[in-house]
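Structure, as structure tokens:
To find a chain, count down the sequence lines: A is the first, B the second, and so on, and within it residues start at 1.
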Amino acid sequence: MLDLKFIREHPDIVKAGVAKKHDQPDIDAILSLDTQRREIIREVEALKAERNKVSTEIGKKKKAGESAEEAVAAMRQVGEKIAECDTQLREIEQKLQHALSWVPNLPHESAPVGFDESDNVIVRQWGEKPQPDFKVLPHWEIGEKLGILDLAAGAKVSGSGFYVLRGLGARLQRALINYMLDLHTADGYVEHVVPYIVTAETMFGTGQLPKLGDDMYHIEEDDMYLIPTAEVPVTNLYKKEILDFKQLPVYMVAHTPCFRREAGAAGKDTRGMLRVHQFDKVELVKIVRPETSYDELEDLVKQAEKVLQGLQLPYRVCNLATGDLSFAAAKCYDLELWAAGVERWLEISSVSNFEDFQARRMNCRFRDEDKKVTFPHTLNGSGVALARLVAAILENYQRADGTVTVPEVLRPYMDGVEKIG
RNA sequence: GGAGAGGUGGCUGAGUGGUCGAAAGCGGCGGUCUCGAAAACCGUUGUACCCUCGCAGGUACCCAGGGUUCGAAUCCCUGCCUCUCCGCCA
């Protein structure tokens with residue numbers, strides 16, 4: 001959520017910012033509602049001040065045994081007027097809140113202005129694409145051959161878009177999870193186990209609601225949502241809190257499944273495990289002082305890169321164009337992993353700075369050295385997403401004889417197994 | 001799921017429908033004292049919004065939302081959460 005005061009004082013900046021994101025919320029409507037709101041507040045507060053004053057006097061008179069009929073009658077009328085104004089005010093504030101909740105975060109100046117992903121800027125690339133002298137099979141083929149990936153079984157149980165890992169395939173995923181959690185916790189991120197089902201309010205806090213409601217699984221009976229990312233429960237751990245500045249920065253990590261309806265993605269990546277309704281992810285979340293957030297963002301990207309470097313997987317870092325930024329993000333780097341079988345760069349991590357956008361929605365604040373209460377900045381990054389990572393390993397570590405080498409860092413997590421098949 | 005109890009400021013905990021944003025204690029902060037610290041003493045100690053250049057004002061908030069009333073932390077209704085007991089269950 002943007003600061004209403006900021007919108008009021010800098011409507012042109014806001015309009016230009018949302019335009020860069022190719023969104024068109026009605027900023028003028030917000031400004032007009034804000035004006036109306038303040039007018040009514042002034043009116044109703046003056047009435048309330050009067051009522052409070054006179055009511056106190058009535059109390060005193062009654063105590064003294066005097067009659068106060070006139071004042072009571074007058075205040076009854078004032079009370080009616082107050083009720084009217086309050087109703088009006090509530091309506092306006094609801095409208096304002098609604099309008100405000102649909103305004104995206106503004107992009108940071110260092111995000112390249114552009115329409116979509118084709119305008120993303122490649123910042124750096126790490127590692128060499130493997131140059132195999134044989135035909136590398138896509139992960140779904142090698143996975144099925146080795147008996148470690150069963151897409152048909154996933155479809156049988158849950159329909160398309162679900163996968164089953166078996167034997168060393170399942171073991172490989174578990175090894176990856178442990179490897180990543182160990183890596184991050186060693187660097188100071190505190191491990192968490194969090195709920196996978198959250199309330200609508202929680203979804204609002206990180207900005208998934210109201211705009212992205214269609215992409216999530218909703219449990220109607222309880223009005224609860226399956227999390228699309230651990231970012232949601234982990235960041236919201238701090239909603240409605242006032243932190244002490246000494247508690248910052250907060251570094252957290254959690255492994256969770258992620259559930260996505262992928263509405264609107266029909267027909268894309270239908271094969272394999274590149275776009276599925278459920279996948280696991282290790283997520284990093286930071287809550288930091290505003291003035292440090294862009295340094296923290298760079299560090300967070302490096303933290304995610306560390307995972308891929310450890311696995312010796314070639315990747316590149318992209319600075320997302322404004323038009324490709326998500327609703328809540330001010331700046332975002334994507335990590336894209338090269339997959340030798342499908343011969344594509346796979347988006348495997350998204351590392352974003354939300355500035356105070358989420359904090360304001362969650363009402364998470366901190367008290368600084370001068371006791372001033374302000375919003376911290378929140379960041380998160382995948383460290384990293386699993387299904388695609390497993391896919392990329394099956395492809396990049398594939399050998400001509402149809403076996404797959406286990407990346408060295410994972411062997412301690414797999415009883416020393418060096419290859420699958 | 002059933003029965004009961006309860007939700008008050010950072011914490012503990014008081015609060016007859018009127019002067020209560022709320023006693024008291026603890027904690028925190030500032031000061032006096034001290035070489036320094038502890039103790040003691042004094043002072044201070046919520047958030048949001050409206051208004052103002054600032055000072056000063058004003059409004060709201062005692063889990064949340066409604067209601068009764070001239071006036072609600074206090075009375076009524078609904079919801080949520082916590083605790084205890086029972087049932088069910090990994």
Side-chain angles (χ1 to χ4, degrees), chain A residues 1-10 30-101 193-205 209 219-225 233 236-248 250 257 356-376:
Chain A
M1 199 127 68
L2 296 184
D3 183 9
L4 182 56
K5 221 176 281 170
F6 183 82
I7 298 177
R8 182 152 73 216
E9 284 161 13
H10 309 282
I30 289 172
L31 292 171
S32 143
L33 284 166
D34 176 47
T35 307
Q36 290 175 51
R37 169 179 157 269
R38 284 189 295 155
E39 266 167 28
I40 295 182
I41 284 177
R42 241 173 293 154
E43 188 182 342
V44 76
E45 287 194 350
L47 290 171
K48 283 181 179 172
E50 191 196 346
R51 181 178 70 182
N52 287 346
K53 209 179 96 199
V54 176
S55 289
T56 306
E57 283 165 12
I58 291 172
K60 280 180 189 161
K61 276 193 184 169
K62 287 217 166 166
K63 209 167 239 177
E66 294 171 38
S67 158
E69 280 312 307
E70 253 174 68
V72 169
M75 285 311 101
R76 192 172 295 143
Q77 285 203 331
V78 170
E80 278 165 22
K81 237 187 264 177
I82 290 173
E84 273 171 43
C85 288
D86 271 340
T87 306
Q88 244 185 80
L89 182 61
R90 211 176 306 139
E91 276 168 23
I92 288 173
E93 281 190 328
Q94 261 170 24
K95 279 187 204 163
L96 183 61
Q97 208 54 32
H98 176 83
L100 224 40
S101 71
V193 172
V194 294
Y196 305 155
I197 304 175
V198 301
T199 59
E201 184 187 85
T202 296
M203 282 298 180
F204 181 86
L209 285 178
I219 301 158
E220 220 161 305
E221 293 90 323
D222 306 295
D223 194 20
M224 302 276 279
Y225 292 82
N236 275 288
L237 252 18
Y238 287 89
K239 85 174 165 188
K240 298 181 184 173
E241 296 280 333
I242 299 182
L243 301 166
D244 190 86
F245 69 90
K246 287 174 194 147
Q247 291 174 261
L248 300 179
V250 174
D356 63 7
F357 189 82
Q358 293 181 327
R360 187 170 272 115
R361 283 180 164 247
M362 296 189 294
N363 202 20
C364 165
R365 293 164 293 172
F366 77 100
R367 199 185 307 275
D368 68 17
E369 292 85 340
D370 305 323
K371 295 188 176 173
K372 230 184 88 203
V373 176
T374 45
F375 293 105

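Note on A:A71: nothing from the nucleic acid sits closer than 4.0 angstrom, heavy atoms only. Within the 4.0 angstrom heavy-atom criterion, only backbone atoms of the sugar-phosphate kind lie near A:V373; the bases stay farther away. Within the nucleic acid shown, A:R8 comes within 4.0 Å of sugar-phosphate atoms alone, with no base atom in reach, counting heavy atoms only. Note on A:K62: a base of the nucleic acid sits closer than 4.0 angstrom, heavy atoms only. Across all strands, A:I58 comes closer than 4.0 Å to base atoms (heavy-atom distances).
Distance CZ (A:R367) to P (B:G10): 8 Å, rounded to an integer number of Å. Taking atom CD1 of residue A:I242 and atom P of nucleotide B:C61, one finds them 18 Å apart after rounding to whole Å.
Among the nucleotides B:C70, B:U59, B:A48, the one closest to any side-chain atom of A:R51 is B:C70. Of the candidate nucleotides B:C50, B:A48, B:G58, B:G58 has the atom nearest to the side chain of A:A49.
Nearest-nucleotide assignment on RNA chain B puts the 5′-proximal partner with A:R90, out of A:R90 and A:M75. Along RNA chain B, the nucleotide closest to A:R38 and the one closest to A:G59 are compared, and the more 5′ of them pairs with A:G59.
Once rounded to the nearest 0.5 Å, the distance linking CZ of A:F366 with CD1 of A:I242 reads 11.5 Å.
With respect to the salt-bridge test (charged N to carboxylate O, under 4.0 angstrom), the residues A:R360 and A:D356 qualify. Taking 4.0 Å as the cut-off between side-chain N and carboxylate O, A:K81 and A:E50 do not count as a salt-bridged pair.
B:G58 and B:U69 are spaced 23 Å apart, taking the C1' atom of each and rounding to whole Å. A gap of 40 Å separates the P atoms of B:C50 and B:C42, to the nearest Å.
Proximity of a side-chain donor or acceptor of A:D3 to a complementary backbone N or O of A:K5 within less than 3.5 Å is detected.
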